[in-house]
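Side chains are part of it too, since the values below use all heavy atoms of this structure and drop only hydrogens, waters and symmetry mates.
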Amino acid sequence: MRIAVVPDGEGGGRLRELAADGVSEASLWRVSDLAGAIADYEKHAAESPRWVWASTDEVYPPLMEHSLRIGRCHDVALVEALLLGHQGRFGEARSLGAAWARLHGRDVPPDLAHHPGTGVVPQATLFEPDLSTLPPDVDRLAALVEVHADQQRRIAALPSPDRFALLAAVESAGALAAVEMAHVGVPWRADVHDKLLTEQLGPRPSAGARPGVLAELAERISDAFGRQVNPDSPAQLLRAFAAIGHPVPSTRSWVLRRVEHPVVPLLLRYKELARLHSANGWTWLDTWVQHGRFRPDYVVGGVVSGRWATRGGGALQIPKVVRRAVVADPDWTLIAADAGQLEPRILAAVSGDHALAAAAGSDDLYARLAGAFEGDRQRAKIGVLAAMYGQTGGDAAPLLRTMRRTFPRAMEYVDAAARAGEEGLLVRSWLGRTCPPPSPMWRRIVLGDAGSGAPDGRDGRDSDEGDPAGRAARERGRFTRNFVIQATAAEWALVFMAAVRRGLAALDPGAGVPQTVFFQHDELVLHVPRAAVDSAVEVLRGAEVETRHLLFGATEVRFPLDIAVVECYADA
DNA sequence: TTCGACTGCCAC
DNA sequence: AAACGTGGCAGTCGAA
């Protein structure tokens with residue numbers, strides 16, 4: 001059962017049950033307590049309803065304020081973006097109003113930016129802003145029902161409607177999970193974080209000033225150079241290194257590490273600490289952590305490959321050292337579950353390469369592959385990654401020859417994606433997420449579009465120097481080569497997360513309710529009452545099996561979960 | 001003063 | 001060892 005929902009912005013709203021065809025009218029009603037009505041339905045409906053709404057970002061957060069958790073939804077904006085992408089129209093406006101306008105041949109309004117504010121500061125809005133971009137005279141509910149029905153038709157007309165429907169479902173489930181995670185937050189011990197900062201940087205300085213340790217290092221660096229140098233300025237550092245007879249092409253750490261001069265260790269230390277201070281220092285702590293929780297702002301589908309992005313807070317790049325501050329509440333524990341070696345396993349599954357799939361049936365895929373690479377696990381790993389990333393430099397060439405010989409179908413899968421990219425074609429993930437088309441500029445340079453006739457001459461072997469067409473083509477080839485893997489890996493993670501979410505919701509709440517608090521590409525972190533740890537781990541294990549079968553059927557590929565039950569995230 | 005390009009480092 | 005994919009973000013520096 002699908003039910004279309006339009007909030008009225010004052011706590012109530014209108015709902016309409018959708019018949020199986022998505023169009024004909026079933027019951028329609030108006031409620032003054034939307035959260036209550038939805039909760040009733042979730043509780044009493046024979047089958048878990050799927051709520052159809054314009055955008056989870058807009059509709060779900062106010063419902064969560066009423067402690068409402070819903071099971072399933074269809075997020076019209078997210079699904080619209082997926083469908084547009086599939087048509088090669090990546091990036092076009094996706095909101096309900098835009099989809100409605102396209103249906104009616106009207107001017108398509110651009111999407112409005114969603115500004116939930118910076119993490120901890122709650123939005124003090126009197127009215128929920130309407131971001132649907134529908135014209136004011138159009139009935140919201142009627143438009144929603146119409147656009148949803150159209151989306152269902154478009155999905156049904158695709159070559160693999162079942163797969164795409166699964167994609168639409170898990171993308172929507174991800175949106176629910178993202179709102180829930182932002183609401184719950186990652187348990188974060190500000191005192192531990194502060195102590196860590198003080199140990200490394202010295203006492204907290206007054207606003208804007210350099211912490212003591214950094215200031216001292218900066219002084220010693222200037223002394224070592226024999227001139228005043230701001231170590232935060234790459235330009236000044238380049239000049240300073242040249243002046244002391246050690247010219248460097250850049251000031252990257254790995255470049256400096258090869259320079260033998262007493263200033264280098266000082267500088268490396270400075271860079272490390274300066275990074276900590278600027279990215280995850282006291283300012284970050286003040287901005288993003290409050291009441292013992294870090295609340296990042298996830299952007300579902302924010303990455304072309306379908307991975308999530310975050311807006312502010314840098315949630316997807318929390319450095320290892322800072323994870324010390326992520327500590328479970330008393331009598332609670334953290335469960336970190338990540339899918340080890342996810343991408344090569346995805347490659348094995350989607351390509352149907354039996355040799356690679358056999359290796360992917362073991363816990364350590366790379367170790368299994370070592371035999372083909374002179375017994376060297378590390379070389380096997382580089383070979384596999386080079387195949388998926390399109391690496392050609394370094395030692396990659398001989399490893400790729402081995403890959404091609406040993407895993408021909410896997411290599412052909414990624415090579416085909418790369419060729420498609422170089423020709424300006426689109427590639428898709430396993431479930432149908434589609435890469436963006438090349439830019440007009442790219443088409444001009446590589447394909448010679450827009451009048452100039454034949455493509456620029458290139459034979460694929462020339463070096464990058466002076467061959468912008470070849471360079472651009474290979475760059476896009478690497479992108480599409482990686483896209484088919486990364487995007488499918490992201491799908492695995494979404495399906496897995498949806499399965500975990502459903503499994504946790506079905507647990508007996510008597511032992512306390514486990515919460516998903518963090519998601520990072522191929523890793524899920526749960527915050528779990530001690531009494532519920534075993535059942536939560538069971539849910540995770542079951543979700544992996546379910547995900548594997550749902551995506552790949554009876555494959556021999558395994559997706560082993562590394563599950564760590566810890567007090568502190570740094571110990572995972 | 002504001003803005004964007006650029007550099008560099010963090011995560012997967 | 002350092003050209004290999006997706007990103008976010010802070011800082012510098014020159015242009016508007």
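As rounded to whole Å, 11 Å separates atom P of B:dA11 from atom OH of A:Y569. Distance CG (A:N280) to P (C:dG11): 12 Å, rounded to an integer number of Å. Between A:L238 atom CG and B:dC6 atom P there is a gap of 16 Å when expressed in whole angstrom units. Atom CG in A:D376 sits roughly 13 Å away from atom P in C:dA1 (whole-Å rounding). Atom P of nucleotide B:dC9 and atom NE2 of A:H277 are separated by 18 Å, given to the nearest angstrom. When rounded to the nearest whole Å, the span between CZ of A:R275 and P of C:dT12 equals 14 Å. Atoms CZ (A:R252) and P (B:dC10) sit 13 Å apart, rounded to a whole Å. Put simply, CD on A:E272 is 14 Å from C1' on B:dG8, counting in whole angstrom units.
Just one of A:R428, A:H86, A:R89 meets the side chain to side chain donor-acceptor pair (under 3.5 Å) condition when paired with A:T434; it is A:R428.
Side chains of A:S429 and A:V484 form no contact here, defined as non-hydrogen atoms less than 4.5 Å apart. Using a 4.5 Å heavy-atom cutoff, the side chains of A:F164 and A:L431 are not in contact.
Atom CG of residue A:D562 and atom CD of residue A:Q341 lie 8.5 Å apart, to the nearest 0.5 angstrom. Separating the CZ atom in A:F294 from the CE atom in A:M181 is a distance of 12.0 Å, to the nearest 0.5 Å. Between the CG atom in A:D223 and the CG atom in A:L266 there is a gap of 9.5 Å [rounded to 0.5 Å].
Here A:K271 does not reach the OP1 or OP2 of B:dG8: none of its side-chain N or O atoms lies under 4.0 Å away. Close to C:dC13, at under 4.0 Å from its OP1 or OP2, lies a side-chain N or O of A:Q236. Taking 4.0 angstrom as the limit, A:K320 places a side-chain polar atom (N or O) nearer than this to OP1 or OP2 of B:dC12.
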Protein-nucleotides 4-6 of chain C N/O pairs under 3.5 Å:
| residue | atom | partner | partner atom | Å |
| --- | --- | --- | --- | --- |
| C:dC4 | OP2 | A:T392 | N | 2.9 |
| C:dC4 | OP2 | A:T392 | OG1 | 3.2 |
| C:dC4 | OP2 | A:G393 | N | 2.9 |
| C:dG5 | OP1 | A:R478 | NE | 2.1 |
| C:dG5 | OP1 | A:R478 | NH2 | 3.1 |
| C:dG5 | N2 | A:R307 | NH2 | 2.9 |
| C:dT6 | O4' | A:Q486 | OE1 | 3.4 |
| C:dT6 | O4' | A:Q486 | NE2 | 3.2 |
| C:dT6 | O2 | A:R307 | NH2 | 3.0 |

Output a table of nitrogen or oxygen pairs between the protein and nucleotides 14-16 of chain C separated by less than 3.5 Å.
none

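Within 4.0 Å of A:G302, counting heavy atoms only, lies no atom of the nucleic acid at all. Among the atoms of the strands shown, none is found under 4.0 Å from any heavy atom of A:R476. Using a 4.0 Å heavy-atom criterion, one finds that A:I318 contacts the sugar-phosphate atoms exclusively. Residue A:R257 is out of contact with every strand shown, counting any heavy-atom pair closer than 4.0 Å.
In this structure, A:R295 fails the cation-pi test against A:W288, since its NZ or CZ atom is not both closer than 6.0 Å to the six-membered ring centre and inside 45 degrees of the ring normal.
In this structure, of C:dT12, C:dA2, C:dG8, it is C:dT12 that holds the atom nearest to the side chain of A:S233. Nearest nucleotide to the side chain of A:T251, out of C:dG7, B:dC12, B:dG8: B:dG8. When each of B:dC9, C:dA10, B:dC12 is scored by its nearest atom to the side-chain atoms of A:S253, the top-ranked nucleotide is B:dC9. Counting only heavy atoms from C-beta on, A:T310 has its side chain closest to C:dG8 among B:dG8, C:dG8, B:dC12. Of the listed nucleotides (B:dC12, C:dC13, C:dG8), C:dG8 has the atom at the smallest distance from the side chain of A:A309.
Of the two residues near DNA chain C, A:G312 and A:D232, the one whose nearest nucleotide lies more 5' is A:G312. Comparing A:L316 and A:W284 against DNA chain C, the residue whose closest nucleotide sits nearer the 5' end is A:L316.
With salt bridges taken as basic N to acidic carboxylate O contacts below 4.0 Å, none links A:D522 and A:R345. With salt bridges taken as basic N to acidic carboxylate O contacts below 4.0 Å, one links A:D364 and A:R377. A salt bridge links A:E272 and A:R269; the closest N-O separation between the charged side-chain nitrogens and carboxylate oxygens is under 4.0 Å.
By the 30° and 60° cut-offs, the orientation of the rings of A:F518 relative to A:Y569 is perpendicular.
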